[in-house]
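Proteins get letters first, then strands, A, B, ... in listed order; numbering begins at 1 in each. Just so you know, these numbers use all the heavy atoms, side chains as well, and skip hydrogens, waters and symmetry mates.
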Protein chains: 2
Amino acid sequence: MVTLAEVARHAGVSASTVSYVLSGKRSISAATRERVESSVRKLGYHPNAGARALASSRSNIIALMVPLRTDMYVPVMMEIAMAVATAARTHGYDILLLTGEEGAEAVRRIEGSALADAMIVMDVELDDERLPLLRAANRPAVLIGLPSETAGLNCVDLDFAAAGAVCAEHLAGLGHREIAVIGEAAAVYERHTGFAERTLTGLRERSAELGLRLLHRPCEGSYASVSATLSRVFDERPGTTAFVVQNEAATDPLLALLRQSGRAVPEDVSVVAVCPEQVAAHASVPLTSVAVPAQEMGRRAVEQVIAKIEGRGSDEEVVLLAPELTVRESAAQAPAET
Amino acid sequence: MVTLAEVARHAGVSASTVSYVLSGKRSISAATRERVESSVRKLGYHPNAGARALASSRSNIIALMVPLRTDMYVPVMMEIAMAVATAARTHGYDILLLTGEEGAEAVRRIEGSALADAMIVMDVELDDERLPLLRAANRPAVLIGLPSETAGLNCVDLDFAAAGAVCAEHLAGLGHREIAVIGEAAAVYERHTGFAERTLTGLRERSAELGLRLLHRPCEGSYASVSATLSRVFDERPGTTAFVVQNEAATDPLLALLRQSGRAVPEDVSVVAVCPEQVAAHASVPLTSVAVPAQEMGRRAVEQVIAKIEGRGSDEEVVLLAPELTVRESAAQAPAET
DNA sequence: TAAGTCTGTCGAAGCGCTTCGACACGGTGG
DNA sequence: CCACCGTGTCGAAGCGCTTCGACAGACTTA
């Protein structure tokens, strides 16, 4: 392995000079800088990460806690994770992948060992066990998600309440009056992951203002579950003319089962989804939807956390991204009442 | 931050003794060990990762290169990644997440900086640009996937050729004679990611032996693409009674479109898939399938790479997992010829 | 009883880097 | 002409750990 000392010798300068060339923390004459840089290139020098971390107490690593699901791996999680990794690299940081499995212990471990300079935490519950530790930690942290108490925390998330409101408005504008919400699995609500509840709140409030009738049903992503849910919905509310789906896995079954039951989308029933663009665009009927902006969420989280590492940026900053509804083919004017 | 020295002082021993207690590399009397361990617990000591890496030239980090897809995030990739992370933790290792984006440069960077002790590389192409570097690197590497030349490499993968063969056998056993293969997107074949081609090879060879007629068509995961592909298949081979699908995204559209075109699964046409269990089990018709054992692939890769880090385990070891076909509801006896 | 062997512990060196203070040197201003 | 300043470079200390060799003491073995 090539070391700093070898580069220094090769360039005919001292080790500290090489270090300053690399970090730019002191001014170096153009001539010297070029000599050093050429030596670095010629020798193929890469600074030793451990030594650098030890000396500077900076690892240039950001820990990312992603949820561990044994049931289903939700593509949007992966999209966010990859966006985080990509964004981090452009700022010279690497990502340490932690599974949710370790829970709060992981926070302690990372902080104690100085393995990472900061943490990004996905899939936060409203009252997450990790929050007290993150608040107390002397390392920056950013949540992707929104717990109930945000004091002393940095968060990035889609404004799901606004997303719910936008869906209600869009359907109201098309003349729909009875709307059913096909939600995430019941387990998601029980875990109190905020996003599902916030969407619902947004939907409920705006619906009330607009005079819509709303029926909400949690639902698994399986055909059986969607089928059962649909039957119950039409039993209870035969006048239902529109659906809002917030469940990546349920969108396809929903469209398929509506078609099978003789209801055309969007002629007989309209569907609006809250899901990633990919899912919406590739559905059997391209879905009018509010996108979950995974890329941007990842990018913003990284930028925020790096700002904090570098001493810029404030603690306690909540970024809620404005929802954007994209009109595709699954929602249309409500059928005339007969 | 608590340091080794503080623990040593607290326990009334020297720093090296604490170190040996922690690493177990020299024998320590039970009394001393307990005193040290209790101090460690009392003070909440976590060894500094940078210092440890510097002194021991071991970071206890394994780098994982996952493909960066801008189009679609394939769940199976995430499942493998999470399995790798989980398995690594049980052995005391952390995972550094690298996107494929950096390509071969990432290999150089990791090696040069000693950031990770080893690498696990996913999504390898038959003649991947990273292979020469991995072979030459003085760090262990394990591929999840199978390139065309495996000399000097460690690989873990499903035996896709055998998987193809198993599919052919199963359908032949049910009396099918004309089979269509709905494959991955053409781009996948063009990139020469081996798994798709190997499945096809297995299918072709076994089909030839069993006297089956085989038609292969690459296919995107969209409804439009599957629909077009289906029409062409039935145009060319009206006698087709069975499909083999290897494309996570295409399974749902395939089932939906077959149904729409008036062909019942499995009464009129049979479908066998090569895909993760989740996808197969949750399809609208539960799919008879050969599973892609993501969990096991991740686990095996980690075990193999750690064995190499620790000096056990051989270079050049190719583990091909035997395929297992699970019978569900999508494949049945071929309809009697009319 | 002397020599040899373990066992458990310690001190010190050193891993490769960053960073602080020192300082040489040429240019300015009084 | 001297004191002064800014610029560019260097030497040395030290980050927190691992690991090697040394060694004291208890225990065998001849």
* Structure fact -> Going 5' to 3' through nucleotides 13-20 of chain C and flagging B where a protein heavy-atom sits under 4.0 Å of the base, S where only the sugar-phosphate is that close, and - otherwise, we get -BBBBBBB

* Within the structure, does a side-chain N or O atom of B:Ser29 lie under 4.0 Å from either OP1 or OP2 of C:dT7? -> no

* Asked: Is any side-chain N or O of B:Ser27 closer than 4.0 Å to OP1 or OP2 of C:dG8?
  -> yes

With no hydrogens and no angle check, is any side-chain donor or acceptor of [X] less than 3.5 Å from a backbone partner on [Y]?
| X | Y | answer |
| --- | --- | --- |
| A:Asp117 | A:Asn60 | yes |
| B:Thr86 | B:Met82 | yes |
| B:Ser39 | B:Arg35 | yes |

* Whole Å only: how far is the CZ atom of A:Arg35 from the P atom of D:dG8? -> 14 Å

* To do: State, with a plain yes or no, whether a side-chain heavy atom of A:Val302 is found less than 4.5 Å away from one of A:Tyr93.
  => no

* Is the closest basic N to carboxylate O distance between A:Glu105 and A:Arg109 below 4.0 Å? -> no

* To do: Using a heavy-atom cut-off of under 4.0 Å over every strand shown, decide if A:Thr32 touches base, sugar-phosphate, or nothing.
  => sugar-phosphate

Result block: side-chain N/O donor-acceptor pairs under 3.5 angstrom for residues 136-149 of chain A, not counting sequence neighbours:
| residue | atom | partner | partner atom | Å |
| --- | --- | --- | --- | --- |
| A:Arg139 | NE | A:Ala116 | O | 3.2 |
| A:Ser148 | OG | A:Leu126 | O | 3.0 |
| A:Glu149 | OE2 | A:Ala151 | N | 3.1 |

